[in-house]
Amino acid sequence: MSIRRAQPVSVVGAGLAGALLAILLARRGFAVSLYERRRDPRRGTPEAGRSINLALAARGIRALEHAGLMERVRPLMIEMRGRMVHEVGRPAVLLPYGQRAHEVIYSVERAALNRLLIEEALRFPGLALRFNTLCNGADVPGDALQLHDAASGRDYHAPLTPTIATDGAGSAVRASLQRAGLASVREEPLDHDYKELTIAAGADGCLLEPHALHIWPRHGFMLIALPNTDGSFTATLFLPRTGPVSFATLADASEIEPFFAREFPDAAPLLPDLRQQFARHPQAHMGTVHTAPWHAADHVLLLGDAAHAIVPFHGQGMNAAFEDCYTLDRLLETQAEWGALFADFERERRANVAAIAQMAIENYGEMRERVLDTRFLRQQAWARELEREFPERFIPRYSMVMFHPEISYAEALRRGAVQQEILDALSQHAGDSPCFDWASADHLIRTRLSLKAP
Ligand code: FAD
């Protein structure tokens, strides 16, 4: 089907990606119908226990800027300059994320950001937002988007072509494509779960340094905490489901407080209602969703978590979903057919999303374990020196992912692997010395790393 101005387009799911995408499409003059199963978030409190705050970085910011939204988003953002690492029996240490003032990431409340995007979407007269509307899937041969209106209890259909499904990690549209044999889906669950806990603000303000992402790395598990604008922090415990130190062992409520006192002695006093929160807040699963293809001809495209949910350890799921929106919007400038647009989008994004899915899993090891390793910390310090000396060639992988949207995820993964080989070679040569050989570094970098991609 050809792409025409004012044409009706359906978007399923008014979460982070769906609401942003609806804005971008409405701005281009499409008649967008946005279907959301939840009630209107402007009326009432958000659902509890679903990653209350998120790290926003350069890729997400670029997409929000592209949509002209950054001025409204900025007041929701709290700068996080690095990882504040809490080891047992030692003072907390800040490991900066980057070495330039702008190389920071931001904590943003999911509900506030989602509400803002929905408010912005509703400014477009041509955009119809239907809350309390559950999508049951896509009937591709019948060209029907299957919907259920919770208020009236009525099932009804809307034309399917073209639909973009942004209905999240548990996507009903994806499941319907899978049932129809139009997509193959592989879910790769992690054997670690998470639980969110709130560290309330103290009488005099924040109880932790507000401009940092706090980590309590404990090798097999970790606690993290991100700041909120009201001075509170949202902490998340990541722990194996079963095993000697696991959620299973904390099923006995009398184990929870001793576990926190032993493992997180400086965080435990900040959680006076720990046992009650533990009982109240859900224990949630994580995993990676691999789907192929992401589109069915010109009928429907999966985007964001619906196509490619990833584990949260690089803080990139939302950023990648926003980058999806940015990419699709840019491709709309050059494509005349929906089927070709969806195919182009998939071609441009697939390798990149596979790369961030892999890096997100790898980052779990870095956060809970490697930040405690002296060899890793020494290599990180060297990487910063090398970046200062060769800023156009050597950029730490974390920085490429978080601060350099002009470098694709796939390129960050590829260059990161070469850089790691260089650091390993320098380490081997240096032995126990804290210094590396500059001549070798210069040679390796100039011969193995091209200038960074434009
Ligand atoms: P969602 O935000 O899940 O939105 C889906 C929307 O579709 C929802 O509004 C939902 O109600 C609606 N919906 C679902 N099913 C239906 C249906 N059948 N019919 C109609 N509507 C439907 N990412 C980051 O970038 N940084 C982070 O720091 C970060 N931290 C995270 C921490 C945790 C613990 C988790 C779990 C995730 C984290 N993420 C983070 C990932 C991020 O939450 C997701 O990648 C992001 O929400 C994806 O956006 P989305 O719009 O694709 O999906």
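We count ligands from 1, going down the list as the structure has it; atoms in each ligand are counted the same way.
- Remark: Glu255 does not engage Arg262 in a salt bridge, criterion side-chain N to carboxylate O under 4.0 Å.
- Aromatic pair Tyr398/His314: centroids less than 6.0 angstrom apart.
- At a heavy-atom cutoff of 4.0 Å, ligand 1 is contacted by no atom of Ser171, backbone or side chain.
- Only the side chain of Arg110 comes within 4.0 Å of ligand 1, judged by heavy-atom distances.
- In summary, the atoms of ligand 1 found under 4.0 Å from a heavy atom of Ala14, numbered by their order in the structure, are 9 (O).
- In Met318, the parts holding a heavy atom less than 4.0 Å from any atom of ligand 1 are both the side chain and the backbone.
- Listed by chain and number, the residues in a salt bridge (charged side-chain N to carboxylate O under 4.0 Å, His left out) with Arg59 are Glu323 (sequence neighbours excluded).
- A distance below 6.0 Å separates the ring centres of Tyr364 and His192.
- Residue Leu16 has at least one heavy-atom neighbour below 4.0 Å for each of these atoms of ligand 1: 2 (O), 47 (O), 51 (O).
- Per-residue contacts place Gly168 under 4.0 angstrom from the following atoms of ligand 1 (heavy atoms of the residue considered): 3 (O), 5 (C), 53 (O).
- An N or O contact shorter than 3.5 Å links Ala55 to ligand 1 by distance.
- Short contacts between ligand 1 and Ala172, defined as distances under 4.0 Å to a heavy atom of the residue, involve ligand atoms 18 (N).
- His66 has its ring centre less than 6.0 Å from the ring centre of Tyr326.
- Residue nearest to atom 40 (C) of ligand 1, selected from Leu54, Asn53, Thr234: Leu54 (by heavy-atom distance).
- Between Asp305 and ligand 1, at least one pair of N/O atoms sits closer than 3.5 Å.
- At a heavy-atom cutoff of 4.0 Å, ligand 1 is contacted by the backbone of Thr133 but not by its side chain.
- No side-chain heavy atom of Trp216 sits under 4.5 Å from any side-chain heavy atom of Glu263.
- Between Trp338 and Phe342, the angle of the ring planes lies from 30° to 60°, which puts this pair in the tilted group.
- Considering CG of Leu160 and CG of Asp298, their distance stands at 9.0 Å, rounded to 0.5 Å.
- The N/O atoms of Arg37, backbone and side chain alike, include one that comes under 3.5 Å of an N/O atom in ligand 1.
- In terms of N/O distances under 3.5 Å, ligand 1 is approached by Ala17.
- Looking at Thr166 against ligand 1, only its backbone comes within 4.0 Å, counting heavy atoms.
- Residues Phe221 and Phe259 bring their aromatic ring centres within 6.0 Å.
- When Leu134, Leu147, Asp167, Asn114 are ranked by how near their heavy atoms come to atom 15 (N) of ligand 1, first place goes to Asp167.
- Annotation for ligand 1: atoms under 4.0 Å from non-hydrogen atoms of Gly304 are 52 (O).
- Here Arg28 pairs with Glu333 in a salt bridge; the nearest charged N to carboxylate O distance falls below 4.0 Å.
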